[in-house]
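First listed ligand is number 1; within each ligand, the first listed atom is number 1. The analysis underlying the following values was restricted to heavy atoms, covering all of them including side chains, and did not include hydrogens, waters or symmetry mates.
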Amino acid sequence: MQSISKLEKNSTYLKVVWSDGEESKFNYLWLRDNCPTAHDKDSRHRMFNILEVSQNINPKKYNVSSDGKLEIEWSEGDHTSYYDPKWLRENCYTIKNKKKYISPYKLWDSSLEKNLETIQIEHDEIINSEAGLIKWLELLHYTGIAIVKNAPVEKNSGLKVLNRISHTRETFFKTPFEVINIPKPNNSAYTAHALRNHMDLPWFENPPGYQFLHCLVNSAKGGDSSAVDAFAVADYLRNNEKDIFDILVNTPLKFRDKDYTQEAIRSVHGTAISLTKDGDYNDIRYSIATLDALDCHPDQMDSVYKAHHRFGNLLHDPKFQINFRLEPGDIFSFNNRRLLHGRTEFDPNSGHRHLQGYYMDRDEIIGRLKYLKQN
Ligand code: OGA
Ligand code: ZN
C-alpha cells in the first residue's frame, strides 16, 4: 500500500505526493464533502451538507498523522477530517483520469455461432451456486447474451431463476408476456410472421435493459432465432464509416407505439447509438417496425435516412448475425439495449410454439454482479 510522502497546498487543491512518486490533486470542496464522518453508517447517505460551507473553504492546517492519515483542520465549521490513504488512493480522480479507458464489453460477430457453448449455462448451476449465478451475470454484462439450458418447461417457471438476480420489470404486456400467435395481435411478435432483428420497446424513454425469452414449446416448423451484437456493428461503423456513425450518435430518431389495445400513445426521441462518458457504447435504439415518421431537419433527412438504412443493413448482415434454434427449456437472455434479436417465420399448422418473455432493468444485472464480485 502506498503512503503519503509529501503535501503541498495550492489555491483550490492539496497536492499529495505518494511514496511511489505518483501525484494526486485533491480539491478542497471534494475533500470536505468526502470527509469520512460525512455519511450515516447505516444508510451510507451523506448527512453533511456542503451548502453549509462557503466555496472558499480550505485547510487551515494539514499534515500526515502518526498513523499515516491525511489530517486537515478546515478554515470554517470548526472541523478536522482524517482520511485513510488507502481510500484516497483508490478514489484519486487524478490517477483515474490519466488511465486509458478499457471497455468491459466483449464484442462478437457471426463466428460466435460456432461456439455457442461458450454462452450457455445450466439452469441448475444458477439455482444451486453463486458461481453459476455470477457466470450468467458476467455473460449478460460482458457478452450481452447467454442461453440458459435445461430450465423447466412449466408456465411461469422462468421466474425462479430470474429471481436469483432480482425482480422483473413490469410492462403493459404483463409478466411474463406470452409469445404465441394470437388472432388480432397487438404486436407483430404475436403472429407467425418473421421478426426482423429488433429490440423490444424502443418507444419507452428507458427501454428494458434485459430480456429473457423462455422457450416452453418449439415444435412448429420455422421460428428459428437470430441475434446480432449491435455494439459490434456500431464499432465497425466508428472504425470504417465515421460519418454514418456520427449521424447515428447525434441525431435523435423517433419511435412510437400506438396499438389498438392501448389507451396510451407512447412516443420518444432517441439516437440510434448512445455513448457513455468514456465514449463506450451505452445504448442502441433500433427497430424498423416501430420507427415513427421522422421529424428531423429537412437538411438532415436524407443523410439520416441513409445512415439508418446502412445501420439496418449491417444489423442483418450475415457477417454479424448468429442463427440458432431455441429448444424447450432454453432461456435466451440478452441485453435488450445492445443486441437485436429476431426470428424466422413459422408454420402454426405444423406444430406448436410458445415462449414466455420477461424484462429486467440493467441496474439489476450490474448492481447484483458488482455486489457478488466484491465478496
Ligand atoms: C418478441 C420476440 C422472438 C421469438 O416477442 O419480442 O422477439 O422468437 N420474439 O418469437
Ligand atoms: Zn422481441
Side-chain angles (χ1 to χ4, degrees), residues 113 116 119 140 144-149 151 153 155-156 158 162 168-204 206-230 255-257 259 261-262 266 272 283-291 312 315-316 321-362:
E113 193 177 311
L116 282 185
I119 56 164
L140 291 172
I145 180 170
I147 301 176
V148 177
K149 300 296 291 181
V153 293
K155 284 186 188 153
N156 300 0
L162 285 172
T168 57
R169 169 155 160 197
E170 189 71 8
T171 75
F172 65 82
F173 289 114
K174 301 296 176 213
T175 306
F177 54 91
E178 310 287 343
V179 184
I180 201 159
N181 52 311
I182 57 171
K184 262 180 90 53
N186 67 341
N187 188 295
S188 46
Y190 307 153
T191 64
H193 299 315
L195 297 177
R196 291 158 293 213
N197 289 340
H198 67 284
M199 62 180 284
D200 278 17
L201 321 191
W203 32 262
F204 268 126
N206 183 34
Y210 281 83
Q211 181 171 171
F212 302 84
L213 287 170
H214 183 193
C215 177
L216 305 182
V217 191
N218 199 7
S219 63
K221 233 175 117 220
D224 290 348
S225 301
S226 60
V228 62
D229 183 0
F255 297 87
R256 75 153 177 185
D257 186 64
D259 81 55
T261 62
Q262 292 303 300
R266 297 167 196 273
D283 282 344
I284 299 296
R285 218 182 261 267
Y286 193 91
S287 162
I288 288 174
T290 57
L291 189 72
L315 291 167
H316 292 84
Q321 179 174 308
I322 60 169
N323 306 293
F324 54 98
R325 184 172 177 85
L326 289 176
E327 293 170 19
D330 285 356
I331 305 176
F332 173 26
S333 327
F334 54 95
N335 182 336
N336 182 54
R337 290 189 262 130
R338 166 175 174 181
L339 257 67
L340 301 190
H341 62 289
R343 70 153 189 246
T344 60
E345 184 184 10
F346 63 93
D347 174 4
N349 299 317
S350 64
H352 192 49
R353 188 176 193 274
H354 186 189
L355 313 185
Q356 286 192 313
Y358 303 83
Y359 298 118
M360 196 179 278
D361 283 325
R362 195 182 274 178

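- Residue Ser225 places no N or O, backbone or side chain, under 3.5 Å from any N or O of ligand 1.
- Summary of contacts: the protein heavy atom closest to atom 5 (O) of ligand 1 is Ala189 CB, 3.2 Å.
- The closest side-chain donor-acceptor pair between Gln321 and His316, if any, does not fall under 3.5 angstrom.
- Atoms of ligand 1 lying under 4.0 Å from at least one heavy atom of His341, given by number and element, are 2 (C), 6 (O), 7 (O).
- The N, O or S atom of Asp200 lying closest to the Zn ion (ligand 2) is OD1.
- Within ligand 1, counting atoms from 1 as listed, the ones closer than 4.0 Å to a heavy atom of Val179 are 5 (O), 9 (N), 10 (O).
- Between Arg343 and Asp224 there is no salt bridge, since none of the side-chain N atoms of the basic residue sits less than 4.0 Å from a carboxylate O of the acidic one.
- Remark: Asn335 CG to Leu340 CG distance equals 10.5 Å, nearest 0.5 Å.
- Under the 30°/60° scheme for interplanar angles, the aromatic rings of Phe204 and Phe172 are found to be tilted.
- The ring-ring contact (aromatic ring centres under 6.0 Å, His included) with Phe177 is formed by just one residue from the set Tyr359, Tyr190, Phe212; it is Tyr359.
- With hydrogens left out, the protein atom closest to atom 8 (O) of ligand 1 is Arg353 NH2, 2.7 Å, a heavy atom.
- Phe332 and His341 have perpendicular rings, their planes meeting at more than 60° on a 0 to 90° scale where under 30° would count as parallel.
- Remark: minimum distance from atom 2 (C) of ligand 1 to any protein heavy atom is reached at Leu195 CD1, 3.6 Å.
- The main-chain N or O of Leu315 is found under 3.5 Å from a side-chain atom of Asn197 such that the two form a donor-acceptor pair.
- The atom name of the N/O/S atom in His341 closest to the Zn ion (ligand 2) is NE2.
- Of all the atoms in ligand 1, the ones that sit under 4.0 Å from a non-hydrogen atom of Leu355 are 4 (C), 8 (O), 10 (O).
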